[in-house]
Visitor: 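Before anything else, here's the structure in question.
Residues: numbered from 1 along the sequence shown.
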Amino acid sequence: MWKYFGVFLNMATVLLGGSIGLCLRRRKKAPRPAPDGLPEREKLTDSMMACLGLCTIFAGASGLVGIESGVQALIAVASLVGGYLIGWLLRLDDRVNLLGDRVVARMGGGDGQNSPAEGFVTACMLFCIGSMTVLGSFESAANPAGSLQLDCHTTLLIKSLMDFVSSTCLAATFGVSVLLSAGFILLVEGSLVLLASAIQPFLESIGTLPVIDCVGALILLAIAMNLLGIRKLKTVDYLPALFLPILICWLLTLWGVAV
């Protein structure tokens with residue numbers, strides 16, 4: 001059970017941060033007049049979303065340094081392109097957005113400016129895609145049964161602090177749909193921890209972990225572009241790219257190619 005300590009803590013911080021964000025969203029004050037000579041102040045939520053975009057760029061860029069060879073770089077690029085084509089053919093982003101709209105419609109929400117579905121998708125992608133999710137879940141799986149060892153959850157502990165701040169900003173902008181991402185965290189990170197003990201030796205033997213981290217970092221950079229308003233990308237369509245490195249590295253290993 002202690003293997004899932006980091007996962008449940010991550011869920012709790014998202015729920016807490018999202019709840020604080022909702023309180024900030026519902027607290028309406030009359031705008032203060034700007035002092036003479038100064039322009040009107042930019043909305044805090046808009047500024048914080050831009051700041052979050054910059055932090056996401058940093059997280060994504062830091063995940064690119066794990067690539068150890070040109071072969072791994074080629075696999076990462078091939079996985080990203082191939083994974084996007086699969087997602088595009090399956091219309092994953094459109095389907096997830098439709099699901100988010102239906103779920104939020106049952107709960108109410110939305111202010112006509114920021115789509116609840118966009119908030120749900122952005123939160124899920126931000127909280128569950130990237131090297132910290134993969135590596136953190138694998139580290140948590142190393143926690144022995146019967147006792148809690150915080151050293152095994154270091155990555156998810158750091159990620160939980162980041163997600164606390166992120167969920168506050170996202171909930172203040174998009175509303176209650178951000179809290180729904182806590183269930184997605186349990187599904188994704190819980191599944192990774194569950195599978196990690198069995199498959200980690202296999203993934204290490206074929207050298208695919210750095211490639212998965214790199215692909216996740218590239219998807220994080222796509223999310224950052226969305227947060228900064230540079231260009232709207234359908235990031236869910238890139239999800240299959242996280243799994244293609246396993247297949248490619250396994251096939252290359254069978255053919256005797258060093259990854």
Visitor: Taking the side chain as every heavy atom from C-beta outward, state whether L203 and I246 have any pair of such atoms under 4.5 Å apart.
Guide: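 Yes, close enough: below the 4.5 Å cut-off.
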Visitor: Any sub-3.5 Å donor-acceptor pair from D237's side-chain atoms to Y84's backbone N or O?
Guide: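 Looks like no, no N/O pair under 3.5 Å.
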Visitor: Is D163 reaching over with its side chain to a backbone N or O of V14, donor-acceptor style, under 3.5 angstrom?
Guide: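 Not confirmed, D163 side chain does not pair with V14 backbone.
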Visitor: State the CD1-OG1 distance between I248 and T253, to the nearest 0.5 angstrom.
Guide: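 OG1 of T253 is found 11.5 Å from CD1 of I248.
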Visitor: Closer than 3.5 angstrom, by distance alone: can the side chain of S167 be matched with the main-chain N or O of F164 as a donor-acceptor pair?
Guide: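 Yes.
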Visitor: Are T13 and L161 close enough that some pair of their side-chain heavy atoms sits under 4.5 Å apart?
Guide: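 No - every pair of side-chain heavy atoms lies 4.5 Å or more apart.
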Visitor: Mind checking whether R95 and V236 have side chains closer than 4.5 Å, heavy atoms only?
Guide: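 The answer is no, as the side chains (C-beta and beyond) never meet within the 4.5 Å cut-off.
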Visitor: Look only at the side chain of K234 and the backbone of L92, and say whether a donor-acceptor pair between them is shorter than 3.5 Å.
Guide: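 Here the side-chain-to-backbone pair does not exist.
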Visitor: Out of curiosity, L194 CG to S140 OG, how far, rounded to the nearest 0.5 Å?
Guide: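 With rounding to 0.5 Å, CG (L194) is 13.0 Å from OG (S140).
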Visitor: Can you check whether Y4 reaches N10 side chain to side chain, under 4.5 Å on heavy atoms?
Guide: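 No, side chains not in contact.
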Visitor: Using a 3.5 Å distance criterion without hydrogens, assess whether the side chain of H153 forms a donor-acceptor pair with backbone atoms of W2.
Guide: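 Yes.
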Visitor: Give a yes or no on whether the backbone of Q149 and the side-chain of N143 come within a donor-acceptor separation of less than 3.5 Å.
Guide: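 Yes.
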Visitor: Charged N to carboxylate O under 4.0 angstrom, E139 versus K3?
Guide: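 Looking at E139 and K3, the cut-off is not met.
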Visitor: Keeping R231 on the side-chain end and A222 on the backbone end, is there a donor-acceptor pair under 3.5 Å?
Guide: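 No, R231 side chain to A222 backbone: no donor-acceptor pair under 3.5 Å.
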Visitor: State whether the side chain of S181 and the backbone N or O of V178 hold a donor-acceptor pair below 3.5 Å, judged by distance alone.
Guide: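 Yes, the answer is positive, given that a donor and an acceptor are paired below the 3.5 Å cut-off.
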Visitor: Okay, side chain of T168, backbone of I20: is any donor-acceptor separation there less than 3.5 Å?
Guide: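 Flag not set: sc T168 to bb I20 has no pair under 3.5 Å.
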